[in-house]
**Q** 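Got a structure for you, written out below as structure tokens; questions coming shortly.
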Number of protein chains: 2
Amino acid sequence: MKLEILKNENHDIQKKIISKIRDLINHKNLEPGDKLPSERTLSEKFEVSRGNIREAIQKLEFYGLLESIPQSGTFVANIGVTAMNGMIEDILRLEEPDFKSLVETRILLELKTAQLAAMRRTEEDLQEIKDALDAYSEKVINGEDAVQEDLLFHLAIAKASGNSSMNTFMLIITPGIITNFEKYHVCDKNQAFLGIQEHTDIYAAIRSQDPKLAKEKMKAHFKILYQYCYNQK
Amino acid sequence: MKLEILKNENHDIQKKIISKIRDLINHKNLEPGDKLPSERTLSEKFEVSRGNIREAIQKLEFYGLLESIPQSGTFVANIGVTAMNGMIEDILRLEEPDFKSLVETRILLELKTAQLAAMRRTEEDLQEIKDALDAYSEKVINGEDAVQEDLLFHLAIAKASGNSSMNTFMLIITPGIITNFEKYHVCDKNQAFLGIQEHTDIYAAIRSQDPKLAKEKMKAHFKILYQYCYNQK
DNA sequence: TTATCTAAATTGGTTAACCAGATTGGTTTT
DNA sequence: AAAACCAATCTGGTTAACCAATTTAGATAA
């Protein structure tokens with residue numbers, strides 16, 4: 001409980017620091033390549049710990065807005081003040097994604113990865129998808145829980161898509177999907193049995209290198225989920 | 001130069017730690033809820049600094065595989081060994097996305113965000129998109145560089161889509177897109193002038209709440225880019 | 001024997017000291 | 001006057017000490 005509060009406080013502090021950095025860049029008219037004040041200077045100017053400053057800078061570095069060079073300084077990336085302001089505003093605004101956003105995004109990604117996997121899969125990819133499918137089927141037939149095997153099947157397809165961005169994004173949204181699924185108890189035995197057929201259809205389409213069919217079968221697979229989630233709301 | 005090497009070494013160390021944690025979970029048959037050895041124990045067992053251990057744990061925490069509780073310990077998340085192994089393998093394998101992956105993913109996301117924005121945009125969203133469009137047009141007409149304003153127009157649409165996951169992903173791929181664009185000098189003056197019309201078309205479709213048209217116009221906008229990027233390869 | 005309480009040890013998180021390398025300003029040399 | 005050099009200073013990065021909360025184990029009391 002207290003953890004949550006602390007973490008939120010910490011998160012708030014980071015947001016405040018980021019907005020102060022933005023204000024500083026605007027006020028001092030810092031242009032691409034200009035150097036920010038040192039971490040120590042900022043920490044006493046903003047009256048926060050140096051660690052907090054470092055975290056904020058690293059976050060802005062992640063989004064490509066700043067660049068830290070050891071033993072030298074932190075510099076404004078090659079991006080103008082306009083885009084800088086717009087992007088920082090976005091970063092500050094971003095709330096934690098709701099379940100609906102996660103599902104919507106997952107479906108979008110999976111329809112594409114299925115399509116791409118059908119186009120690009122190697123024999124090795126295909127074998128891995130097949131293995132995941134078999135593991136899944138076996139668990140379901142034995143009446144065991146197969147959430148993990150289901151997940152691995154989908155991740156195998158993402159891998160076969162040959163697009164590392166989409167693969168990464170699948171991994172990022174996976175935890176949120178799983179926890180929410182378990183919270184809502186979406187998967188029951190009937191759906192699992194139906195899942196075997198749907199998974200098999202998807203696999204077959206990817207094997208026969210039919211992108212359109214793969215997308216179609218993936219869409220069918222998500223149809224129930226999609227409706228279920230939106231009715232839940 | 002040396003920075004790169006060091007950073008790669010650091011990255012390698014983290015990967016090694018993550019795979020060692022995976023081995024440990026497998027070897028000790030740690031199940032969901034089980035406690036990992038303390039950070040200090042791990043650091044001397046793996047012969048790395050405690051900071052490295054913390055980074056690796058935080059990364060696995062980000063992907064929902066571990067959970068750290070202050071003054072208590074780090075625990076295996078509610079995810080079985082099968083999925084744990086599969087996901088860690090994926091995490092270790094993920095390479096930096098190439099330009100093609102980035103563009104492919106951006107197009108996928110933007111076609112959807114345009115569509116969703118047309119469905120869900122509020123009056124406020126619409127105004128912000130309009131402002132971004134005007135700022136872009138003005139720069140282009142004055143013959144100035146308008147890369148930033150172009151970017152902000154697209155981010156405004158992502159915001160209006162009402163899907164925070166997609167919005168986040170757009171922000172994540174943006175830096176890679178920008179740096180590569182500048183590297184390849186994609187945008188020239190002619191494209192910028194053409195861009196005004198295309199942007200205006202997209203805006204009009206979103207204003208008139210026509211999802212299908214919005215997607216179509218966005219597709220047209222990306223057509224040149226898409227071909228250009230793939231020809232570049 | 002069981003339950004309860006207390007103090008010591010353990011935990012993840014945080015802070016302050018330290019490090020190596022880059023920068024800078026002044027000095028010396030040519 | 002200009003170039004070369006050098007030491008003091010400043011930088012982000014790293015490490016070790018510290019902290020408060022928690023857990024644990026043993027002593028005590030019922």
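Chain letters run A, B, ... following the sequence lines, proteins first and then strands; every chain starts at 1.
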**Q** Kindly assign one of parallel, tilted or perpendicular to the pair B:His221 and B:His199, based on the angle between their ring planes and the thresholds 30° and 60°.
**A** perpendicular
**Q** Which letters describe nucleotides 5-10 of chain D, given B = protein heavy atom under 4.0 Å from base, S = only from sugar-phosphate, - = neither?
**A** ------
**Q** Does D:dT15 have OP1 or OP2 under 4.0 Å away from a side-chain N or O of B:Ser49?
**A** yes
**Q** So that I know where these two stand, are A:Phe169 and B:Phe169 an aromatic pair - ring centroids less than 6.0 Å apart?
**A** yes
**Q** Starting from P on C:dG13, measure out to CD1 on A:Ile13 and report it in whole angstrom.
**A** 16 Å
**Q** Between B:Asn52 and B:Ser49, do the side chains contain a donor N or O and an acceptor N or O under 3.5 Å apart?
**A** yes
**Q** Does A:Arg40 make a side-chain donor-acceptor contact with the base of D:dG12, cut-off 3.5 Å?
**A** yes
**Q** Atom CG of B:Leu42 to atom P of C:dT11: distance rounded to whole Å?
**A** 10 Å
**Q** What integer distance in Å separates B:Lys35:NZ from C:dT11:C1'?
**A** 7 Å
**Q** Nearest heavy atom decides the nucleotide; on that basis, is A:Ser72 or A:Glu55 closer to the 5' end of DNA chain C?
**A** A:Glu55
**Q** Starting at atom CD1 of A:Ile53, determine the distance to atom C1' of D:dG12, rounded to an integer number of angstrom.
**A** 13 Å
**Q** Roughly how many Å is it from CG in A:Asn52 to C1' in C:dT15, rounded to a whole number?
**A** 11 Å
**Q** Just by distance, do the side chain of A:Arg120 and the backbone of A:Ser161 share a donor-acceptor pair under 3.5 Å?
**A** yes
**Q** C:dT11 P sits how many Å from B:Asp34 CG, rounded?
**A** 16 Å
**Q** Rounded to the nearest angstrom, tell me the gap between atom CD1 in A:Ile57 and atom P in D:dG13.
**A** 8 Å
**Q** Which of these nucleotides, C:dG12, D:dG12, C:dT23, is closest to any side-chain atom of B:Glu39?
**A** C:dG12
**Q** By the 4.0 Å heavy-atom rule, please label A:Gly51 as base, sugar-phosphate, or nothing.
**A** nothing
**Q** By nearest atom, which of the nucleotides D:dT15, D:dG13, C:dG13 is closest to the A:Pro70 side chain?
**A** D:dG13
**Q** Does C:dT15 have OP1 or OP2 sitting under 4.0 Å from an N or O in the side chain of A:Arg50?
**A** no
**Q** Before you tell me yes or no, could you show the steps for A:Arg93 and A:Asp90 under salt bridge (Lys or Arg N to Asp or Glu O under 4.0 Å), namely the whole-Å CA-CA distance, both residues' side-chain angles and the distance that decides it to 0.1 Å?
**A** CA-CA 5 Å; A:Arg93 182 177 43 79; A:Asp90 274 2; 2.8 Å; yes
**Q** Check this for me: does any side-chain nitrogen of one of A:Lys15 and A:Asp12 sit under 4.0 Å from a carboxylate oxygen of the other?
**A** no
**Q** If you measure from CG on A:Leu66 to CD on A:Gln58, what distance do you get to the nearest 0.5 Å?
**A** 11.0 Å
**Q** Could you check how far CZ of B:Arg54 sits from P of D:dA17, rounded to whole Å?
**A** 17 Å
